[in-house]
Amino acid sequence: MRILAIETSCDETAVAVAEFRNGRGQSRTYPRTNADKTIRVNVLSHLISSQVKIHAKFGGVVPNLARREHEKNLVPMLRSALTESHLLKKNPRAPANTSIHRCIEVEGILQREPELLRRFKKSIMPLTPPDIDAIAVTYGPGLAPALWVGVNFAHALAHLWNKPLIPVNHMAGHLFSAFLQKSGVKCLQPTTYNLPPIKFPLLALLVSGGHTELVLMQKRGIFKIIGETRDDAVGEAFDKVARILGLKYPGGPEIARLAEKGNPRAYALPRPMLHTKDYDFSFSGLKTAVLYLVRSLTQTKFGSVKKADIAAGFQAAAIEVLIKKTIRAAKEYKIKTLALGGGVAANALLRAALAAAIKKELPHVAFFIPDQTLCGDNALMIAVAAYFAGKKKSPEQAMSLRADANLRLG
Ligand code: KG4
Ligand code: ZN
């Protein structure tokens with residue numbers, strides 16, 4: 001099965017083409033019958049265009065700027081992805097060959113994205129439909145204006161090429177990214193990953209800029225959020241604390257870098273909701289505690305040593321709560337597999353400390369963690385989630401697909 005995937009939920013435009021083959025070398029079959037086998041993933045293309053520099057001067061993502069950038073990026077990125085995948089073919093008879101009916105439909109689908117429509121007509125309509133089996137797209141959660149560009153683009157492609165569309169939950173993408181294991185074959189083109197069979201129950205700790213969730217999967221395809229943040233997401237708290245400390249956006253990597261030089265025990269910072277019986281989190285109080293601490297210190301002397309200590313203290317507090325609650329949930333639900341995913345999964349302390357806690361307290365649990373390069377938003381994870389958890393919609397059914405900024409797993 002060959003999937004073209006599109007991701008535009010926030011400030012990364014991403015396009016990927018991935019091919020899924022089951023262990024016996026048969027390709028392009030639908031996965032459900034192969035649930036217990038290792039799947040080989042050939043990544044034909046995996047492109048990400050980050051807008052971080054554009055949003056950095058505003059200290060966070062500006063939704064309409066993100067939308068504009070996605071509109072500009074999608075067509076050239078799709079062409080590059082198809083070229084890399086050896087799937088780009090010009091149709092010598094186009095555009096005459098493309099039915100008037102389909103052209104009119106595409107105009108209707110992209111009427112709110114005039115810039116995208118212009119590029120689409122010029123550079124996508126003259127192509128022969130590529131040899132793919134489905135188009136996957138993130139339809140939520142995320143920033144509505146950004147999501148809509150991707151959804152409409154994917155919808156227009158599905159109509160033009162008469163391919164099924166697979167709507168994907170962004171958080172499912174982060175969850176499944178953990179299972180992409182480097183195949184160990186070096187210098188192999190294209191990049192290949194193995195997707196091992198998953199043992200259930202599975203618990204996933206999903207930590208990103210917009211979400212902090214503990215997701216339980218008792219069996220394949222059934223997601224249940226058993227705990228989540230009541231206020232700020234953990235990535236958001238990293239970003240806000242970074243701003244308080246005068247560090248640049250995005251703050252997560254900046255805090256992590258600074259924390260390496262600091263003493264996490266220099267200041268006593270709270271561990272919100274550590275001992276509550278539920279599996280919810282709260283990070284806004286921790287952020288406020290940092291703010292008050294910084295205010296009290298600036299009245300005296302506030303140098304780089306203190307900054308590093310605060311970064312280390314904040315990071316240690318946030319990670320301790322994440323890990324303790326995850327381990328407790330893992331025990332209660334007697335899970336067999338634990339996965340970590342989302343932008344904050346790139347954090348070296350979180351990765352190491354969670355791995356150590358599992359080794360010590362749950363040695364029989366299989367722990368999966370995404371490659372550092374796959375923690376942030378990307379379209380490969382959307383292709384994988386589409387393969388595992390997606391439901392195909394015909395181009396006609398795709399008509400009813402709506403971006404959903406508040407989409408939840410489950
Ligand atoms: O998943 P993601 O790329 O986008 C969303 O879906 O939100 O997550 C972005 C978040 C940002 O808040 C960023 O600061 C955080 O992930 N992040 C990190 C690290 N790298 C990225 N947080 C802590 N430590 C890191 N190394
Ligand atoms: Zn994300």
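Hydrogens, waters and symmetry mates are skipped; everything else that's a heavy atom, side chains included, is used. Owing to the predicted nature of the structure, the values given are computational and were not obtained by experimental measurement. When a ligand or atom number is given, it counts from 1 through the structure's own listing order.
- The G376 neighbourhood of ligand 1 comprises atoms 3 (O), with distances under 4.0 Å to a heavy atom of that residue.
- When the salt bridge (Lys or Arg N to Asp or Glu O under 4.0 Å) test is applied to D278, the partners found at least two apart in sequence or on another chain are R230, K325.
- Remark: the N152 side chain and the R112 side chain contain no N/O donor-acceptor pair separated by less than 3.5 Å.
- Using a 30° and 60° split on the angle between ring planes, F368 and F179 fall in the tilted class, from 30° to 60°.
- For Y249 and F58, the ring centers sit 6.0 Å or farther from each other.
- For the residue pair H170/S9, the side-chain donor-acceptor check at 3.5 Å is satisfied.
- Of the listed options G209, S50, A345, G209 places a heavy atom closest to atom 10 (C) of ligand 1.
- With hydrogens and angles ignored, the 3.5 Å screen pairs no side-chain donor or acceptor of R243 with any backbone N or O of K248.
- For atom 24 (N) of ligand 1, the nearest non-hydrogen atom of the protein is N347 ND2, 3.0 Å.
- Look at H174 and you'll find a heavy atom under 4.0 Å from some atom of ligand 1.
- In summary, the atoms of ligand 1 found under 4.0 Å from a heavy atom of G210, numbered by their order in the structure, are 7 (O).
- Only side-chain heavy atoms of D239 come within less than 4.0 Å of ligand 1; its backbone N, CA, C and O stay farther off.
- In this view, E107 and K121 satisfy the salt bridge (Lys or Arg N to Asp or Glu O under 4.0 Å) rule, not counting sequence neighbours.
- A donor and an acceptor atom, one from each side chain of S282 and D231, are located under 3.5 Å apart.
- In this structure, atom 2 (P) of ligand 1 lies nearest to the protein heavy atom D377 OD1, 3.4 Å.
- By the salt bridge (Lys or Arg N to Asp or Glu O under 4.0 Å) test, E361 pairs with K331, sequence neighbours left out.
- Here the heavy atom of the protein found nearest to atom 18 (C) of ligand 1 is G252 CA, 3.5 Å.
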**Request:** Tell me, with the steps shown, if Y279 and E228 meet side-chain hydrogen bond (donor to acceptor under 3.5 Å, both in side chains).
**Result:** CA-CA 7 Å; Y279 295 113; E228 63 192 313; over 6 Å; no
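- Between A256 and ligand 1, no N or O atom pair is found at a separation short of 3.5 Å.
- Using 4.0 Å as the threshold, H170 has a heavy atom nearer than that to some atom of ligand 1.
- D11 and Q51 share no side-chain donor-acceptor pair at under 3.5 Å.
- Atoms of ligand 1 lying under 4.0 Å from at least one heavy atom of G235, given by number and element, are 12 (O).
- Protein contacts to the Zn ion (ligand 2) involving N, O or S atoms at a distance below 2.8 Å are H170 NE2, H174 NE2, D377 OD1.
- Residue-ligand proximity: C10 is placed with every non-hydrogen atom at 4.0 Å or more from ligand 1.
- Checking only distances, C375 never comes within under 3.5 Å of ligand 1, N or O to N or O.
- Given atom 15 (C) of ligand 1, the protein heavy atom at minimum distance is V344 CG2, 3.9 Å.
- By the 30° and 60° cut-offs, the orientation of the rings of F176 relative to F223 is perpendicular.
- A donor-acceptor contact closer than 3.5 angstrom is absent between the side chains of Q181 and D371.
- Taking every non-hydrogen atom of G343 and a distance limit under 4.0 Å, the qualifying atoms of ligand 1 come out as 1 (O), 2 (P), 3 (O), 8 (O), 16 (O), 17 (N), 18 (C), 19 (C), 20 (N), 21 (C).
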